[in-house]
Enquirer: 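Okay, handing you the structure first.
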Number of protein chains: 2
Amino acid sequence: MFAFTFSLSHDAPTAPFPARQVSVHYHGWMPRRHNQSQSPSQVDVARAAGVSTQTVSRVISGQANVRPETARRVLAAVDELGYRVHAAAASLASGRTRILGVIEVSTARYSTSAINVGIETVASEEGYTVTTASVSDHASPDSFLDAFDRLERQGAEGVILLAPVTFLDNAMGARTERTPTVLMHHLTSGVGTDTVVDQSSIARLATEHLLSLGHRTVWHVSGDDYWLESRVRRQTWEQVLIEHGVTPPPVIPADWTPESGYRAGRTIAAIPDATAVFVSSDEMAFGVIRALHEAGRTVPDDVSVVSVDDIALAAYAAPALTTVRQPFEAVGRAAATRVIDLIEQREPSPIEPISAELIVRASTAPPGSAGTAR
Amino acid sequence: MFAFTFSLSHDAPTAPFPARQVSVHYHGWMPRRHNQSQSPSQVDVARAAGVSTQTVSRVISGQANVRPETARRVLAAVDELGYRVHAAAASLASGRTRILGVIEVSTARYSTSAINVGIETVASEEGYTVTTASVSDHASPDSFLDAFDRLERQGAEGVILLAPVTFLDNAMGARTERTPTVLMHHLTSGVGTDTVVDQSSIARLATEHLLSLGHRTVWHVSGDDYWLESRVRRQTWEQVLIEHGVTPPPVIPADWTPESGYRAGRTIAAIPDATAVFVSSDEMAFGVIRALHEAGRTVPDDVSVVSVDDIALAAYAAPALTTVRQPFEAVGRAAATRVIDLIEQREPSPIEPISAELIVRASTAPPGSAGTAR
DNA sequence: TTGTATGCGTTATCAG
DNA sequence: CTGATAACGCATACAA
């Protein structure tokens, strides 16, 4: 039934663009053997179809001004020979690569995967290819510069920074100046009006939900402050509290991981009158709730928890997470659309802001519902 | 504080490989203006260093046979001009791209992200670049062929199939024959001895754990059968049961998602004497447990649950998941190493099999522990 | 509507 | 140890 071999290959795999042959010795001049490679070139197609390479090129790129009959012949030859455009040659000649670069942190995360799906979708629709460069240490400017350089060398025409860049020195500036760049940060953090998901409204939604339930104050477990999203949410949370006349309690810092959420949860458990927490991600919320329960404080009876993201598992937490949904895929699509607009110097497509949506499930309740609920 | 602009760019972004200038009209022959682009080329460096382009090339690629002094001069010029190799030109000339292609399903998953991290790591160490092609429908052979073609056109010298390929017809075969390909499937499914994680031992570990706890039989919630991993685990589970003299109950099919796990959980809840379940992924286990609890059957008191993966959230489930850990990143690294070995036609690096590890947490217990545990 | 002639920036060959 | 020079495969301007 599983008749596959371990890896599909053979003894002598052929490089896609085979190195040219060792040239034979002659007395006079001798060209290096032309088109010795397996892969047929435009010349081969042209010969087979009885036209010039120019015509082949035209047909391939779907230009007009080709007699239908000629086009058909060319296409037939293409098919017959299994001809395919040689991307490197094409971009050398045209000056265009249609490559999109993505820089991301090398940390496994659900959101990364989801955003990538969005980017990929748009890219392939627009005929672009995506190449990725990972950055292991998001605190090191140099690793970002390296990643950027790798992408530029590869010919990336635009770059999406799916990573927290908290600095923007000359070196980085020089790069973003010559290569259109979109910072995911800004696409989602509501710095301008031009955002997909306004992080600040996420924080507002969460905080006000808790307040409206009757909680006197709301504690906050923040994400890694390298990320703008984290900072914007924290600021908004503070501001909302102030608007409601309450002095914000100290932030409980964490770093997006469930472990850090767990530690934050222990801190909260030690605060007797804490009844409501706004946690900056679902993953951290899992940790917070676990710590709370271990300390004998039930959610939502003793403490209410709202978080952010609505990952697939949010609905299956115990209790199911009340959370503000983030449309990751849409964010990815928006980012890709934006870079491509920039690259093609076209009017920027309007970005449809997606309003963050509060999904009320079972992790929040009015204060003092102990014994009442459940 | 956040003095960034929305997207870092400007009115006239420059393509990385700028299109050549419109040529000026002369009477006689006139070359199209050479090197009009911003980016300096080898010629510029050569001129600046007072050497030939050949020497520049040699220095750049770190070949021997260059006088130290000359090398220094070239390097200085490179630095001064900000010269960088033009990947397209280089691969056109050399026939090598050093591009690795990855085909993945466009479904957001934690594991995808984790495996990618591993691939990226090795790739960049080996000087390769990674480009991705997504496949939306993993049931459609054509979408795989498309993805493969996109990668080949781009010049991928090797391909990693991080997606379930359950067919292998001529069209696919032709591609995997000319381009070294590694099926993630086979790297992890124990078809040969040459595997990173033997899926079959995962299933054995899980099933025997449950049996050794004293459960009479073990039910199984499987993943999507498009994935070999899913099938191998199911077969092994059956086999282990048979070895222990018990007739395997019918499989409860699911598709990796927590929702499908939830549905499977309802099915199990309806089976009075089911006391142990082997669930093929942590994400599904969240769903299974939720359904069980809703039906009034507690985990692990009434029903024990083991799953697979040990994702970051597994330890924060309620109860914490007993699970068999899968070293995703290592799998990614192994896959990348393998394709690169294939590409460079070097002796395949020995793959260190990583033994799957059973992490016992709180979701399993001896049968009939109701009232005892907790 | 089609063909001819360059050049894109680099590497490889071979001669000094 | 170094330099001329010919490809690599395609796209483009221009002529026909």
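Reckoned from all heavy atoms, side chains included, excluding hydrogens, waters and symmetry mates. The sequence lines fix the lettering, A, B, ..., with proteins before strands; numbering per chain opens at 1.
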Enquirer: Expressed as a whole number of angstroms, how long is the span from A:Y83:OH to D:dA11:C1'?
Expert: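 Rounding to the nearest Å, OH of A:Y83 and C1' of D:dA11 are 10 Å apart.
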Enquirer: How close or far is atom P of C:dG3 from atom CZ of A:R47, stated in whole angstroms?
Expert: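 That distance rounds to 14 Å.
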Enquirer: If you check every side-chain atom of A:L92, which of D:dA11, C:dT10, D:dG9 has the closest atom?
Expert: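 Nearest to the side chain of A:L92 among the choices is D:dG9.
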Enquirer: Looking across every strand, which nucleic acid part, if any, lies under 4.0 Å from B:V51 by heavy atom: base, sugar-phosphate, or nothing?
Expert: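 The answer is sugar-phosphate, as B:V51 gets under 4.0 Å only of primed atoms, P, OP1 or OP2.
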Enquirer: Over how many whole Å does the gap from A:R153 atom CZ to C:dG9 atom P extend?
Expert: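 Computing the A:R153:CZ to C:dG9:P distance gives 17 Å.
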Enquirer: Between A:E157 and A:R98 (salt bridge meaning N to carboxylate O under 4.0 Å), is one present in this structure?
Expert: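 Salt bridge between A:E157 and A:R98, a charged N being under 4.0 Å from a carboxylate O: no.
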Enquirer: Quick check for you: among C:dT2, D:dG3, D:dC10, whose closest atom lies nearest to any side-chain atom of A:Q42?
Expert: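 Of the options given, the side chain of A:Q42 lies nearest D:dC10.
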Enquirer: So, A:T53 versus A:Q42: side-chain donor-acceptor pair below 3.5 Å or not?
Expert: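 No pair is found: no donor N or O on one side chain lies under 3.5 Å from an acceptor on the other.
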Enquirer: Where the side chain of A:T70 is defined as all heavy atoms beyond and including C-beta, which of D:dA11, C:dT1, C:dT10 is the nearest nucleotide?
Expert: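 Selected nucleotide: C:dT1.
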Enquirer: Given atom CG of B:D44 and atom P of C:dT10, what is their separation to the nearest angstrom?
Expert: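 Going from CG in B:D44 over to P in C:dT10 covers 9 Å.
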Enquirer: Using the test salt bridge (charged side-chain N to carboxylate O under 4.0 Å, His left out), find all partners of A:D149 that sit at least two apart in sequence or belong to another chain.
Expert: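 Partners of A:D149 under the salt bridge (charged side-chain N to carboxylate O under 4.0 Å, His left out) test: A:R175, B:R84.
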Enquirer: Rounded off to whole Å, could you give me the CZ-to-C1' distance for the A:R67 and C:dT1 pair?
Expert: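 These atoms are roughly 7 Å apart.
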Enquirer: Take the protein atom CZ of A:R98 and the nucleotide atom P of D:dA11, then report the distance between them rounded to whole Å.
Expert: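 Interatomic distance, CZ of A:R98 to P of D:dA11: 12 Å.
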Enquirer: Round to the nearest Å and state the distance from A:R96 atom CZ to C:dC8 atom P.
Expert: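 So the two atoms are 19 Å apart, to the nearest Å.
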Enquirer: When you measure from the side chain of B:T55, which nucleotide among C:dG7, D:dC8, D:dG3 comes out closest?
Expert: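 Of all the options, the side chain of B:T55 is nearest to D:dG3.
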Enquirer: Of the nucleotides C:dT2, D:dC10, D:dT2, which one has an atom closest to the side chain of A:R58?
Expert: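 Between C:dT2, D:dC10, D:dT2, the one nearest the side chain of A:R58 would be C:dT2.
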Enquirer: Sorted by first residue and then second, give each salt bridge (Lys or Arg N to Asp or Glu O under 4.0 Å) pair with at least one member in residues 72-82 of chain B; sequence neighbours left out.
Expert: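 Only B:E69-B:R72, B:E69-B:R73 qualify under salt bridge (Lys or Arg N to Asp or Glu O under 4.0 Å).
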Enquirer: Going by distance alone, is a donor N or O of one side chain under 3.5 Å from an acceptor N or O of the other, for A:N116 and A:E104?
Expert: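 Per modelled atom types, A:N116 and A:E104 side chains form a pair under 3.5 Å.
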Enquirer: As a test of reading the structure: which of C:dT11, D:dT2, C:dT4 is closest to the side chain of B:T53, going by heavy atoms?
Expert: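 Of all the options, the side chain of B:T53 is nearest to C:dT11.
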Enquirer: Kindly say if B:S57 contacts the phosphate of C:dT11, meaning a side-chain N or O under 4.0 Å from OP1 or OP2.
Expert: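 The answer is yes; a side-chain N or O of B:S57 sits under 4.0 Å from OP1 or OP2.
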Enquirer: Taking only N and O in the side chain of B:S52, is any of them less than 4.0 Å away from OP1 or OP2 of D:dG3?
Expert: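 For D:dG3, OP1/OP2 do have a side-chain N/O of B:S52 under 4.0 Å.
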Enquirer: Can you tell which of D:dC10, C:dT11, D:dG3 lies closest to the side chain of B:V85?
Expert: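 Selected nucleotide: C:dT11.
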Enquirer: Can you tell me how far P of C:dG9 sits from NE2 of A:H86, to the nearest Å?
Expert: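 Between P of C:dG9 and NE2 of A:H86: 17 Å.
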Enquirer: Would you please confirm or rule out a distance under 4.0 Å between OP1 or OP2 of D:dG9 and any side-chain N or O of A:S41?
Expert: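 Negative; the distance criterion is not met.
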